[in-house]
**Student:** 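The structure under discussion is supplied below as structure tokens; questions concerning it will follow.
All figures in this text were calculated on a predicted structure; none of them were measured in a lab. Residue numbers count from 1 along this sequence.
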Amino acid sequence: MQARRIARELALLSINQFPTQQEQHQAQDLQNALIAAIRTLRTEVEEALETAAVELNRGSDRLLESETRAVDLRSAKVMITEAMELTQSAVNRLGMALELPEFIQLADQKAVRSYALEIINRINSDRATINQLLTDSLVDWQLSRLAQIDRSILQIAVAEMLFFEVPDQVAINEAIELAKRYSGDEAHRFINGVLRRVTNRMKTQSQAN
């Protein structure tokens with residue numbers, strides 16, 4: 001797993017623990033937020049494993065019911081389909097649970113934490129610049145009305161493009177992945193559209209200068 005990818009996710013989980021109106025944070029507050037984010041991930045592993053076990057048991061029960069309670073072929077197929085869906089969901093959760101321990105281990109590394117803190121500090125110190133660029137790139141939306149998680153994902157991407165020399169496409173792709181993991185079903189498409197307009201605006205401003 002890429003260290004910067006983990007740092008972005010760690011920054012996202014940390015920055016959303018602060019009030020949106022708070023502009024400056026103490027260094028210890030940021031460190032505490034990082035620690036809390038890692039604890040959140042550990043809890044997520046435990047919950048994923050517990051839910052997967054429940055879904056596997058339900059799937060197994062549904063298979064047994066299809067053999068003993070189904071009144072016809074159609075109802076048996078429905079029960080088997082439900083069992084397969086539950087099993088697939090459990091497998092997906094197990095896959096996530098297996099991935100997270102590596103994430104947590106790497107998140108404890110100094111370089112990963114350092115980059116996460118750099119992102120958060122940059123967003124804090126240049127919030128006005130970042131937010132103005134996002135505001136200018138929104139269509140029929142106000143930045144303040146966006147869900148906090150979506151606003152933070154956008155801010156991280158813009159901060160990386162503006163101040164960390166991250167290639168536009170890399171920043172956009174990483175933002176899309178964060179949205180798929182932490183936001184609503186359609187959020188990644190919305191975030192992709194906004195960031196495309198951000199990059200176009202940045203190119204226009206660069207050419208003008």
Side-chain angles (χ1 to χ4, degrees), residues 1-23 25 33-34 36-37 40-41 44 47-48 51 85 88-89 92-93 95-96 99-100 103 107 112 115-208:
M1 299 179 70
Q2 296 180 5
R4 284 202 167 191
R5 177 169 295 178
I6 297 170
R8 291 182 189 99
E9 192 164 340
L10 194 57
L12 178 65
L13 293 170
S14 302
I15 201 169
N16 277 289
Q17 298 183 50
F18 296 107
T20 56
Q21 69 274 15
Q22 188 173 350
E23 297 295 331
H25 310 297
L34 290 177
T40 297
L41 290 171
E44 190 174 337
E47 291 177 350
T51 303
E85 290 174 350
Q88 183 60 55
S89 177
N92 292 340
R93 291 181 186 278
M96 180 184 70
E99 177 183 309
L100 281 172
F103 184 109
V112 172
Y115 189 63
L117 286 172
E118 285 181 37
I119 292 172
I120 295 172
N121 284 327
R122 178 60 71 173
I123 291 173
N124 288 337
S125 62
D126 291 275
R127 189 183 302 274
T129 299
I130 293 169
N131 286 354
Q132 187 60 57
L133 183 54
L134 285 169
T135 296
D136 293 340
S137 303
L138 287 169
V139 177
D140 299 326
W141 280 93
Q142 293 180 1
L143 187 62
S144 60
R145 300 295 297 273
L146 296 182
Q148 185 175 348
I149 193 75
D150 294 340
R151 185 167 58 248
S152 296
I153 291 172
L154 289 169
Q155 289 171 332
I156 289 171
V158 172
E160 287 199 301
M161 288 188 286
L162 280 178
F163 304 108
F164 294 92
E165 299 183 351
V166 174
D168 296 348
Q169 193 58 54
V170 172
I172 292 173
N173 289 343
E174 294 297 329
I176 289 171
E177 291 304 313
L178 285 174
K180 287 180 178 179
R181 179 167 171 79
Y182 289 103
S183 193
D185 293 338
E186 299 299 318
H188 68 281
R189 294 188 179 88
F190 171 76
I191 283 173
N192 179 51
V194 174
L195 292 177
R196 295 291 177 192
R197 290 191 292 274
V198 166
T199 58
N200 290 337
R201 186 172 292 275
M202 288 171 58
K203 290 175 182 176
T204 301
Q205 292 175 349
S206 177
Q207 291 170 357

**Student:** Is there side-chain contact between Arg127 and Gln155, with at least one heavy-atom pair below 4.5 Å?
**Tutor:**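 A side-chain contact under 4.5 Å exists here.
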**Student:** Does either side chain, that of Glu177 or that of Asn173, offer a donor lying less than 3.5 Å from an acceptor on the other one?
**Tutor:**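 The answer is no; no qualifying pair exists.
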**Student:** Among all residues two or more places apart in sequence or in another chain, which pass the ring pair (Phe, Tyr, Trp, His ring centres under 6.0 Å) test with Phe163?
**Tutor:**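 Once residues adjacent in sequence are excluded, Phe163 has no partner under the ring pair (Phe, Tyr, Trp, His ring centres under 6.0 Å) criterion.
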**Student:** Mind checking the CZ-CG spacing from Arg197 to Leu195? Nearest 0.5 Å is all I need.
**Tutor:**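 Rounded to the nearest 0.5 Å, the CZ-CG separation comes to 9.0 Å.
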**Student:** If I compare all heavy atoms of Tyr115 with all of Ala7, which pair ends up nearest, and what's the gap?
**Tutor:**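 In terms of heavy atoms, the two residues are closest at CD2-CB, 3.5 Å.
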**Student:** Would you name the heavy atoms of Met161 and Val198 that are closest together and state the gap between them?
**Tutor:**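 The answer is CE-CG1, 4.0 Å.
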**Student:** Could you grab the distance from atom CD1 of Ile123 to atom CG of Leu162, nearest 0.5 Å is fine?
**Tutor:**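 These two atoms lie 11.0 Å from each other.
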**Student:** Looking at side-chain heavy atoms only, is the closest gap between Ile176 and Ile153 below 4.5 Å?
**Tutor:**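 No, side chains not in contact.
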**Student:** Could you report the tightest heavy-atom contact between Val166 and Val170, atom names first, then the distance?
**Tutor:**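 Scanning both residues completely, I find the closest heavy atoms to be CG1-CG1, 3.8 Å.
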**Student:** Using a strict 4.0 Å threshold on nitrogen-to-oxygen distance, state whether Arg4 and Glu174 make a salt bridge.
**Tutor:**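 Not counted as a salt bridge, because no side-chain N and carboxylate O are separated by less than 4.0 Å.
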**Student:** Examine the side chains of Arg196 and Asn192 and answer whether a donor and an acceptor come within less than 3.5 Å of each other.
**Tutor:**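 The criterion, which ignores hydrogens and geometry beyond distance, is satisfied for Asn192 and Arg196.
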**Student:** Please list, chain by chain and in numerical order, all residues satisfying side-chain contact (heavy atoms from CB on, under 4.5 Å) with Gln142, sequence neighbours excluded.
**Tutor:**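 Applying side-chain contact (heavy atoms from CB on, under 4.5 Å) to Gln142 gives Ser144, Arg145.
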**Student:** Just by modelled atom types, is the Asn200 backbone N or O under 3.5 Å from a matching donor or acceptor in the Thr204 side chain?
**Tutor:**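 Answer holds: yes.
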**Student:** Output the distance between atom CG (Leu178) and atom CD1 (Ile156), rounded to the nearest 0.5 Å.
**Tutor:**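 Rounded to the nearest 0.5 Å, the CG-CD1 separation comes out at 6.5 Å.
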**Student:** Considering non-hydrogen atoms only, spot the tightest contact between Ala116 and Ala11 and give its length.
**Tutor:**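 In this case the closest contact between Ala116 and Ala11 is O-CB, 3.8 Å.
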**Student:** About how many Å separate CG of Leu13 and OG of Ser152, when rounded to the nearest 0.5 Å?
**Tutor:**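 Rounded to the nearest 0.5 Å, the OG-CG separation comes to 10.0 Å.
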**Student:** In Å, rounded to the nearest 0.5 Å, how long is the span from OG1 of Thr129 to CG of Leu134?
**Tutor:**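 Answer for the OG1-CG pair, Thr129 versus Leu134, is 11.0 Å.
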**Student:** Kindly compute the distance separating CG (Leu146) from CZ (Phe190), expressed to the nearest 0.5 Å.
**Tutor:**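 So the CG of Leu146 and the CZ of Phe190 are separated by 4.5 Å.
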**Student:** Check Ala187 against Ala179 and note the closest heavy-atom contact, atom names and distance.
**Tutor:**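 Nearest heavy atoms, Ala187 then Ala179: C-CB, 4.3 Å.
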